[in-house]
Amino acid sequence: MEPLYKPQGVEARWQRTWEEEGLFHADPESERPSYVIAVPPPNVTGVLHMGHALNASIQDALIRWHRMRGFNTLWQPGYDHAGIATQAVVEKKLRAEGTSRLEIGREAFLEQVWAWLREYGGVIMGQFRSLGCSLDYERERFTMDDAYVRAVMRFFVHLYERGWIFRDNRIINWCSDCRTSISDLEVEHRDVDDALTYARYPLADGSGSVTIATVRPATILADVAVAVHPGDERYTGLIGRDVIVPVVGRVVPVISDERVEPEFGTGALKITPGHDPLDFEIGRDHGLPEPSVIDLDGRMTGDIPAEYIGLTEDEAAERVVAWLREHDQLEKRESYRHAVGHCERSGTRIQPLVSLQWWCAMDELARPAIESLESGRVAFHPPVHGRVALDWLKAIRPWNVSRQLWWGHQLPIWYCPDGHVICAETEPDACAECGSQDLVRDPDVLDTWFSSALWPFATLGWPDDTPELRAFYPGDANVTGRGIIFLWENRMIMAGLELMKDIPFSHVVINSNVLDSVGRPMSKSLGNGVDPLDMIAAHGADATRYGLLKMSSTQDIKFSEGSIEAGRKLANKLWNASRLLLMSGGDEVAARPSSLEERWILARIDATRAEVEADLTTYDFAHAVDRLYHLTFDDFCDWYLESIKPRLDDPDVKATAFAALERLLKLLHPVLPHVTEEIWSNLPARASRLVVALWPEADAEYAGDVKALDNAQTAARIYRRSGVRIAVAGDALRIFEAVVRPSADGRGDVGAERTRVEKEIARAERMLANEKFVANAASDVVDAEREKLAEYRAELAALGG
RNA sequence: GGGCGCAUAGCUCAGCGGGAGAGCGCUCGCUUCACACGCGAGAGGUCCCUGGUUCGAUCCCAGGUGCGCCCACCA
């Protein structure tokens, strides 16, 4: 064994060994209780980033801990097909080759996607291995596997038969860059500097005008009404009369609607159902037409003056404003900053437009999910996220599930020439209503998150009744970032309750977002990302895991490499502590403590075991690893090993030391799996790999000994600080001398030590002299203060005071 | 517009009603027979501000300042 622990090589060797020996594989026939986590499936095109590394470190710590506690443990791996992202990557490649998906057609395009994935996709599972993740790799699933596709089809047909899937012309979020609709959740609002244009619409009878304000003058061409608030006295007389829409000259009514905000602008709102979500709702309720003047490319279209056809929205807006100015209908323009929806993927400004799409009504799905959150059957950690998830479910709206893409799960919908719609899991032979065999499948695919909702059970074989499904559903925990609580967590809960009649997991653990060292999100465009693989190469996977868990929090976290370096030091320290014991021989492992420090370390290890268990139970990983760090450095190395060093040739002392080391390795294994397994393999008489060794049982035998070294430690502290030796005897004296190795020469600065203790005594005396403190404070607080006073007086006496 | 969170040592953070802590960095002393990725000692802080509650506030309450996040159909 080298003095410097080198994780490179050691780690890869154990990763191979564990997997080859099948130690990550979960057996559905096992009698043991299961513990199941399904990994958040990474995009099949993605590479490991720091967020994955943190997310995976947390899951692996939980998984390894439960495996050691005897659970039949399944960590389910797999990939998400990531419709928009994957399609975009392959389209980019085609563009570089001078062609396009439209040119080569759907079938050839999909072949290209699969070819691309075979060559470049699916690299993250290998990177998870490098991190030491104990996923059951044999069970890797992909949302585009045939079996998974079947599950998605079943889900859609199920919802259709329930009457919750419907097709309708409604306002959608169109991304002209991705060339598809996206759901409300994929829209992010950003502040944009716009101009607010005030335009006068003349009354049709020539008796005056009404002024509206708009940020999108081009949409004036699609106006079908002007709306005012029913209680707005300025406009009471106008309701029911007609106005003339500028440019197009259309005569449209003035209507009244509660949703108009009288305080904003002029209090009169132009109604454009074709290009605004609020206007769309108002238009539907008032039975107004829904003309569209902007097409899917963002170009002007429809029943508008010829000179507008084909312009961009901005060009059209300029022309409309010029028209208003020429006709003296432009009241004013003022600068205006407001939030505007953008596509979260491409950053493109969202075009709201009316489109015929497939939708899922969510109210019935949400109801049992709401119950599961309110009752606590599904608990979020930290709980605040559960409250936010609940609020979203209670205000849930229809979900636009169709996407105008090719890569994904094509809708199981067919149309016959007579307009009949058939929804079936597989292609029907003929239309059930008219018998036509001339069926055309809907070209759209489903929102990627539609398939993700099935992840906890489609990966286990649903809709078939498989041994896996029976053994591993419902799962236990789901660990993810807060960004996908609505997109994924809530939808898994809804889908699980609907299809499996049970929640998919009982704990949702929300991990931090990892920011760069100055608090900005890590991003490709900023170039501020830190590659976890670089950290693994530099410090080891164990160190990287330790560092990420140490950083973890209920808040967003700034990445600090220092935490990872601390992990490397911990691994190295453990390595060298083990060297000390292994190099001095010994072939027995048995807790046979005969001295104070031996009882003490067993007590400390057991106390830390209990604390770590409590931390892991509450998903407080930072505290868990901090305790393990101090147990290793302070208790095990600085005190215990230093105390027994002079007696390492005693077989009983060695046997106990190995027993203590064995327990320490077990406690550290979920965090530092490789170095602990490596050391473990060198201990005498190993019955199994550490990865499947049993977690230490509670050991009450030494519980009274956690403070047994207090006297020796106090004496050491005083001696090291001042050179003063206070009187200790027996074990405490022996330990003091072993650890401190005091020099023979004389006494140090007793005066300074006395002054320090006297100040403490004075403080305690002052408090206890305060009658109000003694009368009002809790009795245990007062007692503790009296105890401290007594201890300090004893210390002063020991200093010869 | 609604909701949530954070401000503690140079840095990253813990503590959250009774003596201000850790890791890193810094200073000093140790190449002591596991480890210099080590051991020991030390310097360093109006615990954001102003009020309030309390015998006692970094911790609870109110207000303020600064930073961040989520949700949102005021055109």
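Every chain is numbered from 1 and lettered A, B, ... according to where its sequence line falls, protein lines coming before strand lines.
A close approach under 4.0 Å does not occur between any side-chain nitrogen or oxygen of Lys270(A) and OP1 or OP2 of rA75(B). The phosphate of rA75(B) has OP1 or OP2 within less than 4.0 Å of a side-chain N or O from Tyr336(A). For His338(A) and rA75(B), the shortest distance from a side-chain N or O to OP1 or OP2 is below 4.0 Å. Contact between the side-chain N/O atoms of Arg397(A) and the OP1/OP2 oxygens of rC73(B) is found at a separation under 4.0 Å.
Within the 4.0 angstrom heavy-atom criterion, only backbone atoms of the sugar-phosphate kind lie near Val215(A); the bases stay farther away. Residue contacts shown for Met551(A) are absent, as no nucleic acid heavy atom lies under 4.0 Å away. Residue contacts shown for Glu760(A) include a base, since a base heavy atom lies under 4.0 Å away. Within 4.0 Å (heavy atoms only), Asp276(A) reaches no atom of the nucleic acid at all. Nucleic acid contact class of Glu642(A) (heavy atoms, under 4.0 Å, all strands): base. The residue Phe486(A) sits close only to the backbone: its heavy atoms come under 4.0 Å of sugar-phosphate atoms, none of a base.
Here Leu661(A) contributes atom CG and Leu582(A) contributes atom CG; the two are 7.0 Å apart, rounded to the nearest 0.5 Å. Atoms CD and NZ, from Glu678(A) and Lys6(A) in turn, are 12.5 Å apart once rounded to the nearest 0.5 Å.
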Walk me through whether Arg725(A) and Glu737(A) qualify under salt bridge (Lys or Arg N to Asp or Glu O under 4.0 Å).
CA-CA 11 Å; Arg725(A) 284 191 70 158; Glu737(A) 289 184 334; 3.1 Å; yes
Test side chain to side chain donor-acceptor pair (under 3.5 Å) applied to Ser560(A) and Lys558(A), step by step:
CA-CA 6 Å; Ser560(A) 74; Lys558(A) 292 180 200 168; over 6 Å; no
After noting the C-alpha distance and the side-chain angles of Val192(A) and Arg337(A), does the key distance pass the side-chain contact (heavy atoms from CB on, under 4.5 Å) rule?
CA-CA 5 Å; Val192(A) 165; Arg337(A) 191 174 177 78; over 6 Å; no
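Distance check on atom P: rC59(B) versus rA43(B) gives 26 Å, rounded to whole Å. Spacing between rG45(B) and rG10(B) at atom P, rounded to whole Å, works out to 7 Å. The separation of rC24(B) from rC16(B), taken at their P atoms, amounts to 23 Å, rounded to a whole angstrom. Rounded to whole Å, the C1' atom of rU27(B) lies 15 Å from the corresponding atom of rA9(B). Distance check on atom C1': rC47(B) versus rG21(B) gives 11 Å, rounded to whole Å. Distance check on atom C1': rC74(B) versus rC4(B) gives 23 Å, rounded to whole Å. Between rA57(B) and rC49(B), the two P atoms lie 15 Å apart (nearest whole Å). Across the P atoms, rA62(B) and rG3(B) are found 14 Å apart, a figure rounded to whole Å.
Projected onto RNA chain B by closest heavy-atom contact, Ile557(A) and Arg387(A) fall at different nucleotides, the more 5' of which corresponds to Arg387(A). For the pair His623(A) and Arg190(A), nearest-nucleotide mapping onto RNA chain B gives the more 5' position to His623(A).
Geometric assessment of Arg604(A) against the ring of Trp639(A) yields a negative cation-pi assignment under the 6.0 Å and 45° thresholds.
Non-hydrogen atoms lying under 4.0 Å from RNA chain B are contributed by Arg568(A), Lys569(A), Asn572(A), Lys573(A), Asn576(A), Ala577(A), Arg579(A), all within residues 566-579 of chain A.
Pairs of residues two or more places apart, or lying in two chains, that qualify as side chain to side chain donor-acceptor pair (under 3.5 Å) and include a residue from residues 765-779 of chain A are Glu765(A)-Arg793(A).
Remark: the Tyr198(A) side chain and the Glu334(A) side chain contain an N/O donor-acceptor pair separated by less than 3.5 Å.
Look at CD1 on Ile564(A): it is 21 Å from P on rC11(B), rounded to the nearest Å. Straight-line distance from the NZ atom of Lys772(A) to the P atom of rC55(B): 7 Å, rounded to whole Å. Atom pair His229(A):NE2 and rC73(B):C1' shows a separation of 15 Å (rounding to whole Å applied). A straight line from NZ of Lys645(A) to P of rC39(B) spans 11 Å, rounded to a whole angstrom. Counting to the nearest Å, the C1' atom of rG5(B) and the CG atom of Asn513(A) are 13 Å from each other. Following rounding to the nearest Å, Asp634(A) (CG) and rG38(B) (P) show an atom-to-atom distance of 13 Å. Asp638(A) places its CG atom 10 Å from the C1' atom of rG40(B), with the value rounded to the nearest Å. Between the CZ atom of Arg482(A) and the C1' atom of rC70(B) there is a distance of 7 Å, rounded to whole Å.
Candidate nucleotides rC33(B), rA75(B), rA72(B) were compared by shortest atom distance to the side chain of Arg741(A), and rC33(B) ranks first. Here rA72(B) is the nucleotide among rC55(B), rA72(B), rC6(B) with the atom lying nearest to any side-chain atom of Ala339(A).
Across every strand in view, rG66(B) sits in a pair with rC6(B) that passes the Watson-Crick or G-U test at under 3.5 angstrom. Nucleotide rC13(B) forms a pair with rG21(B), judged by Watson-Crick or G-U wobble geometry with both contacts under 3.5 Å.
Ion pair Arg568(A)/Glu565(A) not flagged as a salt bridge, since none of the NZ, NE, NH1 or NH2 atoms sits closer than 4.0 Å to an Asp/Glu carboxylate oxygen.
Between the side chain of Glu188(A) and the base of rA72(B) there is no donor-acceptor pair of N/O atoms closer than 3.5 Å.
No side-chain donor-acceptor contact under 3.5 Å links Glu290(A) to the backbone of Pro273(A).
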